[in-house]
*Asks:* 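So that we are looking at the same thing, I have put the structure below in structure tokens.
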Amino acid sequence: MSTAVRVGDRLPEWDLPRVSREKMKTLAPILADPNPIHWDVDVVRGLGMGERPVNQGPSNMAYVMNMLAAWSGGHDRLRRLRVRFAGNVLGDDHVVARGVVSAVRDEGGRTVATCDVELVVVDGAVALTGTADVDVTDLSDPAGSPSPTTSTTTEER
Amino acid sequence: MTEKELAAVVGRTFPGGEYTVEPYVDWLVRDVVDADQGEHVAHPLFAFIGSLRGKGMSLDELFEICGATAADGPMFGEHETEVIEPLRVGETYAVAGRFVSAERKHGRTAGTFDVVGFELTMTDRSGKAAVRVFNSFVFPRRAA
């Protein structure tokens with residue numbers, strides 16, 4: 001197996017400077033999630049949870065999926081994602097998704113990378129941690145030399 | 001809920017149902033989560049959305065099986081998406097699943113709580129499984 005993706009490579013970070021309060025309202029009916037902490041600040045305040053709505057956990061997971069897609073070439077490259085929800089993301093938070101390659105293997109002629117991933121609130125806590133398996137065959141270089149995409153990744157280490 | 005009642009949750013099946021990845025919903029979800037538009041596959045978050053929406057049971061009903069209500073403060077614990085074939089926009093999938101785990105735990109600060117896990121599968125029209133998901137909920141048991 002030859003690949004330009006190596007254990008220890010850091011994935012390009014995926015950055016969202018401001019989590020939208022309004023988009024939480026759109027997602028609530030799509031998820032059929034009736035919990036008002038995602039849109040009603042009066043409820044959030046009444047529960048002693050502050051003055052900002054709480055982002056839906058699936059959105060936090062989707063940010064990590066977006067990071068993996070941007071790195072690997074598309075959302076169709078995701079094989080598996082396992083996450084643990086560790087904390088809340090609030091409206092107006094600045095979040096960053098990060099990842100690092102922990103293993104690379106061949107699966108039926110395809111190159112699959114396992115990555116440790118996380119979503120962190122800037123100047124805050126870790127909101128989500130997990131692991132992902134991603135098909136990185138298209139990042140592979142038959143000659144064994146780094147491709148432009150993964151050269152960038154390696155240089156960021 | 002006693003530990004015996006908790007253990008009996010394992011093996012229970014969901015009524016099941018269907019979920020269609022509507023093109024406009026894929027657009028909206030991508031907009032909500034700041035993903036690029038125009039890919040030939042659905043956003044993978046639809047494994048989570050479609051399986052939960054198509055399982056044939058509301059979250060309140062799920063909580064009731066686990067001996068809780070939304071007012072008890074259940075929280076998502078873990079989630080796993082396994083993609084066998086990427087979900088397609090416009091495709092309708094059958095959803096089926098069951099509860100696979102239920103465990104009572106005791107934490108020094110959290111007190112007594114139960115972790116209940118369930119698996120769901122989305123199957124395409126040809127009968128081929130496209131995605132499998134695992135979710136767990138954490139139920140505080142203040143009176144346990």
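Letters go in sequence order (proteins before strands), and every chain restarts at 1. Side chains are part of it too, since the values below use all heavy atoms of this structure and drop only hydrogens, waters and symmetry mates.
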*Asks:* Rounded at 0.5 Å granularity, tell me how far CG in A:Leu128 sits from NE2 in B:His79.
*Replies:* 10.0 Å
*Asks:* Counting only heavy atoms closer than 4.5 Å, note whether A:Tyr63 contacts chain B via side chain, backbone, both or neither.
*Replies:* side chain
*Asks:* Provide the closest heavy-atom pair for B:Val32 versus A:Lys23 in the form atom of the first, atom of the second, distance.
*Replies:* O-CD, 3.5 Å
*Asks:* Transitively linked via ILVMFWY side-chain contacts under 4.5 Å: B:Phe137 with B:Phe134?
*Replies:* no
*Asks:* Nearest 0.5 angstrom please: A:Asp76 CG to B:His43 NE2, how far?
*Replies:* 12.0 Å
*Asks:* Do other residues, nucleotides or ligands put more than 12 heavy atoms under 6.0 Å from the CZ atom of B:Arg12?
*Replies:* no
*Asks:* Please identify, among B:Glu39, B:Met75, B:His40, the residue contributing the most non-hydrogen atom pairs under 4.5 Å to chain A.
*Replies:* B:Glu39
*Asks:* Could you state the interatomic distance from CG (B:Leu59) to CG (A:Asn35), rounded to the nearest 0.5 Å?
*Replies:* 10.0 Å
*Asks:* Can you establish whether the number of heavy atoms outside A:Asp92 located under 6.0 Å from its atom CG is more than 12?
*Replies:* yes
*Asks:* If you draw a 6.0 Å radius around CD in B:Glu64, do more than 12 non-hydrogen atoms from other residues or ligands fall strictly inside?
*Replies:* no
*Asks:* Which one of B:Arg30, B:Glu80, B:Arg132, B:Glu85 has the most heavy-atom pairs closer than 4.5 Å to chain A?
*Replies:* B:Glu80
*Asks:* Check whether A:Leu27 and A:Val44 end up in the same hydrophobic cluster, where Ile, Leu, Val, Met, Phe, Trp and Tyr are linked by side-chain heavy atoms less than 4.5 Å apart.
*Replies:* no
*Asks:* Is there a path of hydrophobic side-chain contacts, each under 4.5 Å between heavy atoms of I/L/V/M/F/W/Y residues, joining A:Met24 to B:Leu45?
*Replies:* yes
*Asks:* Excluding sequence neighbours, so at least two apart, what forms salt bridge (Lys or Arg N to Asp or Glu O under 4.0 Å) with B:Arg125?
*Replies:* B:Glu18
*Asks:* Tell me whether A:Val117 is reachable from A:Val101 by hopping between hydrophobic residues (I, L, V, M, F, W, Y) whose side-chain heavy atoms are closer than 4.5 Å.
*Replies:* yes
*Asks:* If we define contacts as heavy-atom pairs under 4.5 Å, which of B:Ser58, B:Ala35, B:Pro44, B:Ala42 has the most with chain A?
*Replies:* B:Pro44
*Asks:* With chain A as the partner chain, list the residues of residues 47-56 of chain B whose heavy atoms fall under 4.5 Å from it, by residue number, and write 'none' if nothing qualifies.
*Replies:* B:Phe48, B:Ile49, B:Arg53
*Asks:* Rounded to the nearest 0.5 Å, what separates atom OG1 in B:Thr81 from atom CZ in A:Arg79?
*Replies:* 14.5 Å
*Asks:* For the hydrophobic clusters of this structure (ILVMFWY residues joined by side-chain heavy atoms under 4.5 Å, transitively), does one cluster hold both B:Leu62 and B:Phe76?
*Replies:* yes
*Asks:* Which atoms of A:Leu16 come close to chain B, meaning under 4.5 Å heavy atom to heavy atom: side chain ones, backbone ones, both, or neither?
*Replies:* side chain
*Asks:* Tell me, out of B:Val41, B:Asp34, B:Leu28, who's got the most heavy-atom pairs with chain A below 4.5 Å.
*Replies:* B:Asp34
*Asks:* When rounded to the nearest 0.5 angstrom, what distance separates CD in B:Glu78 from CZ in A:Arg84?
*Replies:* 7.5 Å
*Asks:* Let's test your reading of the structure: which of B:Asp31, B:Asp60, B:Val133 forms the most heavy-atom pairs below 4.5 Å with chain A?
*Replies:* B:Asp31
*Asks:* Find the distance between CD1 (A:Ile30) and CD (B:Glu22) and round it off to the nearest 0.5 Å.
*Replies:* 11.5 Å
*Asks:* So which part of A:Ser20 gets closer than 4.5 Å to some heavy atom of chain B, the side chain, the backbone, both or neither?
*Replies:* neither
